[in-house]
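Below you'll find the structure, written out as structure tokens, and then a few comments.
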Amino acid sequence: MLSSDTFFDEQAMRTLAHVQYGGADFGECMKTMGRIPTGDRTAWHREWTATADRVASIGDACSARGHDVSAREAYLRASKYYRTSYLMQLWRTHR
């Protein structure tokens, strides 16, 4: 279990399901979830966005060095993390 909040746990597991396709990294997901207090939707958005930003910057650095495959892999993970982050932002906006 990644969170004692059932909804958070389900959404985190949904993101983790992309590990097998390279769309997420287990360690990145675990560290991100470790920074999110149970039920804190603002923290969810903030921390997943921070992880996405960090991973996107890895993609930028790899791209600048001509490492296109590594850049692509980082951008794929970052896009999933942005999507994961956005879920709570959308929830907060439309409730």
Side-chain angles (χ1 to χ4, degrees):
M1 181 177 272
L2 297 172
S3 175
S4 58
D5 181 297
T6 303
F7 184 66
F8 278 18
D9 192 57
E10 290 169 353
Q11 295 310 308
M13 293 304 289
R14 187 175 180 185
T15 299
L16 277 173
H18 292 263
V19 168
Q20 64 185 332
Y21 305 109
D25 176 82
F26 183 80
E28 290 168 347
C29 292
M30 295 301 292
K31 285 183 180 182
T32 302
M33 286 303 296
R35 298 189 307 263
I36 302 171
T38 300
D40 188 338
R41 296 177 194 278
T42 299
W44 176 283
H45 181 257
R46 181 187 62 241
E47 296 304 331
W48 279 107
T49 298
T51 297
D53 288 345
R54 184 182 63 74
V55 174
S57 71
I58 293 169
D60 292 343
C62 290
S63 180
R65 290 191 300 272
H67 300 291
D68 296 336
V69 173
S70 296
R72 181 188 70 219
E73 291 170 350
Y75 290 140
L76 177 63
R77 293 191 326 274
S79 70
K80 181 61 183 170
Y81 302 153
Y82 282 124
R83 182 243 161 250
T84 300
S85 169
Y86 178 70
L87 177 67
M88 293 303 162
Q89 183 66 20
L90 183 65
W91 183 89
R92 287 181 19 208
T93 304
H94 295 292
R95 44 181 295 228

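What you see is a predicted model, and the numbers here were worked out from it, not measured in a lab.
Among all heavy-atom pairs drawn from Gly59 and Ala71, the shortest one is O-CB, 3.4 Å. The minimum heavy-atom distance between Ser63 and Tyr75, with the atom names listed, is CB-OH, 4.0 Å. Minimum heavy-atom separation, Ala56 to Ala78: N-CB, 3.7 Å. The two residues Ile58 and Ala74 make their nearest non-hydrogen contact at CG2-CB, 4.1 Å. Ala43 and Asp40 get closest at one heavy-atom pair: N-OD1, 2.9 Å. Shown here for Phe8 and Met33, the closest heavy-atom pair between the two residues is O-CE, 4.3 Å.
For the pair Tyr86/Thr49, no side-chain contact is recorded, criterion being any heavy-atom separation below 4.5 Å from C-beta on. You'll find the side chain of Leu87 stays beyond 4.5 Å of the side chain of Trp48, heavy atoms only.
Without hydrogens or angle criteria, Tyr81 side chain to Ala50 main chain gives no donor-acceptor distance under 3.5 Å.
Atom CG of Leu16 sits about 9.5 Å away from atom CG of Asp25, to the nearest 0.5 Å. Taken from OG1 in Thr6 to CD in Gln11, the straight-line distance is 11.5 Å, to the nearest 0.5 Å. The line from CZ of Arg46 to CD1 of Ile36 is 8.5 Å long, rounded to the nearest 0.5 Å.
For residues 67-85, the salt bridge (Lys or Arg N to Asp or Glu O under 4.0 Å) pairs, not counting sequence neighbours, are Glu28-Arg77.
Between the side chains of Arg35 and Thr51, a donor-acceptor pair is found at a separation under 3.5 Å.
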*Walk me through it: do Tyr82 and Asp53 pass the test side-chain contact (heavy atoms from CB on, under 4.5 Å)?*
CA-CA 8 Å; Tyr82 282 124; Asp53 288 345; 2.4 Å; yes
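Under a hydrophobic clustering in which Ile, Leu, Val, Met, Phe, Trp and Tyr are joined whenever their side-chain heavy atoms come within less than 4.5 Å, directly or via other members, Phe26 and Met13 fall into the same cluster.
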